[in-house]
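Have a look at the structure below before the remarks.
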Amino acid sequence: MGIVYDDAVMISQSEREEEPSVITVNCPDKTGLGCDLCRIILFFGLTVVRIGHSCEMVEFDSSSDSPNVFEAHDVVHYVSTDGKWCYIVFWVVGRPSTRWSLLKKRLMGVCPSFLLANGISYDRPELSPPKPPDMYLLKFCCFDRRGLLHDVTGVLCELELTIKRVKVSTTPDGKVMDLFFITDSRELLHTKKRKEDTCDHLKAVLGDGTISCSIERVGPEITSSSQGPSFLSCGITEDMLLNPNEDDPISFKCPSITMDNLLSPSHTLVQIVCRDHKGLLYDVMRTLKDCDIQVSYGRLTRKGSTECELDLFIMQVDGKKIVDPNRQNSLSTRLQVELSRPLRLLLINRGPDTELLVANPIELSGKGRPMVFHDITLALKTLNRPIFSAEIARHGIGGREWEIYRVLLDEGENGSASKKEIEETVWRMLMSWE
């Protein structure tokens, strides 16, 4: 994307673990920057802590299409832009294993070049849209054990290998054949060293049960044909995923959305009262981004331990208020749906088997909420539920793209957890920082 100054992202780590670290982002603005930053912070699992009396408030000021906010359980930060430049300061507490240098590198990776802020947009190779990452097939065979799939997923996440598709199956003799279609955030998987390092990390987790492990680059024709028939055709209807019952326990209370065009001469005020959850700001930002809505100013206040209140001053991409009632109703409905059910979760009985389905909405940019498969497998490992097979694939449902995670649970000796317990545990792992 051109030149990005090294001080575009500054991280001041705290001396004591219980104190927050300070991250400052100072870079040109761009369409969708806030959504991209939210996604990275969510991926690194950072939380933002309370500081003084202002700790329960988020304020940001932007004249770009998206607010520059950061995902957190509690949020405090300051953002200011003049339409071309963005300045952000926020305080976070990371895990003991947080790789701060890598976080800085990833945040800088989504910061636009300073050339764009100066209006230099002529054809240059570094300003061209990035090419799609190369896809690789990771194939390994090993003896099965409890929690294996989550341990493998954890290794891939640690190595910054993004799982695009998965096909996992268990043979009658207790062996597992796993096919992972992955991309490499470090863009080094074409090298022998990176491949060997990946296999070594996996073998360290798999232990003596490892039978084989290989990685090879695959073309688009292989990845497109690897999905095969849609597994949604076997009794899963669009209505089941998109139009659940109002008393669906795997959802949050429908948020309150109100709009006002009287308080500002140039903006529409959107007020949202909703349940706090992991990924809340990301869910708001991706929804507004996909609806071509610009956020110029906003405030978030935590109400008690479970609710949040957001005040957002927004405009359309043409710089005008949202005055059309149909447009207002459409945006309100979309926000209510996305904040009450950020992910769709179904647990279905198929004779002797139990099938878990989780649907992750994909942004128009082609990206979606990170770490979903990791959290699903962690929840099942916590329940000590063995996995017989698992798949990940993308499908068009209801006029948009979804990433669908399908897990067939083994109804063996430890299959005693009730449907409600499985649903609640998976939902809690996906939606809670705890």
Side-chain angles (χ1 to χ4, degrees), residues 133-186 188-229 231 352-356 358 371-394 403-415:
D134 293 331
M135 188 83 72
Y136 294 84
L137 172 60
L138 165 63
K139 180 168 57 176
F140 65 86
C141 181
C142 64
F143 289 100
D144 195 14
R145 63 171 173 78
R146 299 291 165 82
L148 173 66
L149 186 55
H150 173 70
D151 294 341
V152 170
T153 303
V155 169
L156 298 181
C157 290
E158 181 72 16
L159 294 174
E160 291 193 286
L161 297 171
T162 303
I163 302 171
K164 295 297 185 179
R165 297 192 185 117
V166 166
K167 178 68 176 180
V168 176
S169 57
T170 305
T171 63
D173 60 352
K175 295 178 183 177
V176 174
M177 175 59 72
D178 289 359
L179 304 177
F180 285 80
F181 289 90
I182 57 178
T183 59
D184 185 7
S185 298
R186 303 178 191 175
L188 294 173
L189 203 51
H190 62 282
T191 65
K192 180 180 179 181
K193 183 178 185 305
R194 176 70 160 158
K195 290 179 180 179
E196 291 178 347
D197 185 55
T198 300
C199 286
D200 288 344
H201 276 79
L202 287 171
K203 290 176 181 177
V205 169
L206 301 176
D208 296 336
T210 306
I211 298 175
S212 63
C213 179
S214 64
I215 302 174
E216 61 184 49
R217 183 178 174 182
V218 295
E221 69 282 354
I222 301 297
T223 56
S224 61
S225 63
S226 65
Q227 283 193 186
F231 53 65
D353 300 319
T354 300
E355 183 176 86
L356 172 67
V358 177
M371 304 295 286
V372 174
F373 193 58
H374 174 276
D375 291 345
I376 293 172
T377 55
L378 177 58
L380 296 176
K381 181 179 180 179
T382 301
L383 290 170
N384 199 27
R385 287 301 301 261
I387 297 173
F388 180 73
S389 65
E391 297 179 61
I392 300 177
R394 291 194 175 188
E403 191 162 75
I404 309 296
Y405 308 80
R406 175 180 181 261
V407 180
L408 192 63
L409 304 180
D410 190 340
E411 296 297 330
E413 57 185 83
N414 290 300

Using side-chain heavy atoms (C-beta onward) and a distance below 4.5 Å, is [X] in contact with [Y]?
X	Y	value
F140	V152	yes
L138	L202	yes
T162	S185	yes
V407	E355	no
H190	D134	no
R194	L161	yes

Using a 3.5 Å cut-off and no angle test, enumerate the donor-acceptor pairs between side-chain atoms of residues 153-160 and protein atoms at least two apart in sequence or in another chain.
residue: T153; atom: OG1; partner: L149; partner atom: O; Å: 2.8
residue: E160; atom: OE1; partner: R106; partner atom: NH2; Å: 2.9
residue: E160; atom: OE1; partner: R186; partner atom: NE; Å: 3.0
residue: E160; atom: OE2; partner: R106; partner atom: NE; Å: 2.6
residue: E160; atom: OE2; partner: R106; partner atom: NH2; Å: 3.1

So, using salt bridge (Lys or Arg N to Asp or Glu O under 4.0 Å) as the criterion, who are the partners of [X] when residues are at least two apart?
X	answer
K195	none
D197	none
D151	R145, K381

Nearest-0.5 Å distance, [atom1] of residue [X] to [atom2] of residue [Y]:
X	Y	atom1	atom2	answer
L206	L148	CG	CG	6.0 Å
K139	M177	NZ	CE	6.5 Å
I215	L189	CD1	CG	5.0 Å
T377	M371	OG1	CE	9.0 Å
R385	I387	CZ	CD1	10.0 Å
S169	E391	OG	CD	9.0 Å

Mind checking what makes side chain to side chain donor-acceptor pair (under 3.5 Å) contact with [X], not counting sequence neighbours?
X	answer
D178	none
D208	none
K164	none
T171	D173

Just grab all the ring-ring contact (aromatic ring centres under 6.0 Å, His included) pairs involving residues 144-167, residues at least two apart or on different chains.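 For residues 144-167, and leaving out neighbouring residues, the ring-ring contact (aromatic ring centres under 6.0 Å, His included) pairs sorted by first residue read H150-H374.
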Start with the C-alpha distance between V372 and E403, add both sets of side-chain angles, then the distance that settles side-chain contact (heavy atoms from CB on, under 4.5 Å), and finish with yes or no.
CA-CA 10 Å; V372 174; E403 191 162 75; 6.0 Å; no
Residue set satisfying side chain to side chain contact (heavy atoms under 4.5 Å, CB included) with T170, at least two apart, ordered chain then number -> D144, V176, F388
Review point. Of the non-hydrogen atoms in C199 and C213, which two are nearest, and what is the gap between them?
Key: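 Of all heavy-atom pairs spanning C199 and C213, the closest is SG-SG, 2.9 Å.
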Report the relative orientation of the aromatic rings in Y405 and F373; use parallel for angles under 30°, tilted for 30 to 60°, perpendicular for over 60°. parallel
